[in-house]
Amino acid sequence: MATDKTLDGKVALVTGGVRRLGKAMALAFARDGASVVINARSSRDEAEKAAAEVEALGAKAMVHIADIREEAAVTAMVDAALKRFGRVDILINNAAVRGEKPFIQMTFEEWRSVLDVVLNGAFFCSRAVLPHMVRNKWGRIINLGGVSSHLGTAGRAHVGAAKYGIVGLTKSLSAEFAPQGITVNCIAPGRIGGERSATSGAGIGHAPPVGREGNFEDVASIVRHLCQPANGYITGQTIHVSGGLYMP
């Protein structure tokens, strides 16, 4: 990834930023000079380790523990970021929960637990940061979707509904806030390797045409690209980073 500090002076908030893809995105922003707010629901030790990695790259970092399912917690998190850094320029709605359950056996609580984090969390976080982005006439929001919601995957009705809801949210926000210099895009990762490979692209029985699983940097590099100041003409898009596993 580039190291020319193209995001110097910007502040990125990454939900679920303590490990895997979340941490990879936080580190990508740090390499470009952005300060990074790392959110986790409870894993403070892991969050502090991720923040130390950000700081080792010469960027500023802060940790904020907050349950994004709760509006008051999200408001407090954004207020803390503003108090520390004075601004929030980039929001990555990455936090998610995964699950797999036959639909007839799925309880409402299991359904709601996924939508609360993926969809309601993105709503609360976006609504909290957008007034500040509007004030600055600049912002980048990236929502993390998933390939299974586009392919249709048995046993993942709750995940598919939440992640496809993210696509609709992306389009609506992009249309509403583009005149204020704010872009909103969705990234739909495919089968991404690592410790959660079994649930990334779950239920998909074939390999992508590129012949390998993706890695976190494959996704983080696209997210980084969309957040660059020079890339303000891309908005409202769902970009599939899946090695051709899904071709719209």
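Residue D32 is tested with K10, R224, K5 for a salt bridge (Lys or Arg N to Asp or Glu O under 4.0 Å); the sole match is R224. Here the rule is side chain to side chain contact (heavy atoms under 4.5 Å, CB included) with I92, and of N143, I187, T15, L144 only L144 fits it.
A single hydrophobic cluster is seen to contain both V134 and L173, as judged by linkage of ILVMFWY side chains at heavy-atom distances under 4.5 Å, directly or through other members.
Side-chain contact between L7 and P229 is present, with heavy atoms from C-beta onward closer than 4.5 Å. Using a 4.5 Å heavy-atom cutoff, the side chains of I192 and D218 are not in contact. Side chains of F177 and I141 form no contact here, defined as non-hydrogen atoms less than 4.5 Å apart. The closest side-chain heavy-atom distance from D89 to W138 is below 4.5 Å. In this structure, the side chains of F29 and V11 stay at 4.5 Å or more apart for every pair of heavy atoms. Between R84 and S35, every side-chain heavy-atom pair lies at or beyond the 4.5 Å cut-off.
Between H150 and Y164, the ring planes lie tilted relative to each other; the angle falls in the 30° to 60° range.
For the pair V184 and S174, the tightest heavy-atom approach, listed with the atom from each and the gap, is O-CB, 3.7 Å. Nearest approach of V18 to A40, heavy atoms of both residues: CG1-CB, 3.3 Å. The minimum heavy-atom distance linking L245 with L151 is given by the pair O-CD2, 4.2 Å. Closest heavy-atom contact between M133 and I182: CB-CD1, 3.6 Å. In plain terms, the two heavy atoms of A220 and L21 that are nearest each other are N-CD1, 4.1 Å. Annotation for G190 and V147: closest pair CA-CG1, 3.7 Å, computed over non-hydrogen atoms.
Between K49 and E53 there is no salt bridge, since no side-chain N of the basic residue sits under 4.0 Å from a carboxylate O of the acidic one.
The number of heavy atoms from other shown groups lying within 6.0 Å of NZ (K101) is above 12. Atom CG of N136 has more than 12 neighbouring heavy atoms from other residues, nucleotides or ligands inside a 6.0 Å radius.
A donor-acceptor pair shorter than 3.5 Å can be found between the side chains of R19 and S43.
The aromatic ring centres of F103 and H158 sit 6.0 Å or more apart.
Sorted by first then second residue, the side-chain hydrogen bond (donor to acceptor under 3.5 Å, both in side chains) pairs that include residues 62-79, not counting sequence neighbours, are D67-R69, E71-R127.
For K163, there are no side chain to side chain donor-acceptor pair (under 3.5 Å) partners two or more places apart in sequence or in a different chain.
Side chain of E110 to main chain of T107: a donor-acceptor pair is present (N/O by atom type, distance under 3.5 Å, no hydrogens or angles). With hydrogens and angles disregarded, no donor-acceptor distance shorter than 3.5 Å links the side chain of N39 to the backbone of V14. No donor-acceptor distance shorter than 3.5 angstrom exists from the side chain of T183 to the backbone of R140, with no hydrogens or angles considered.
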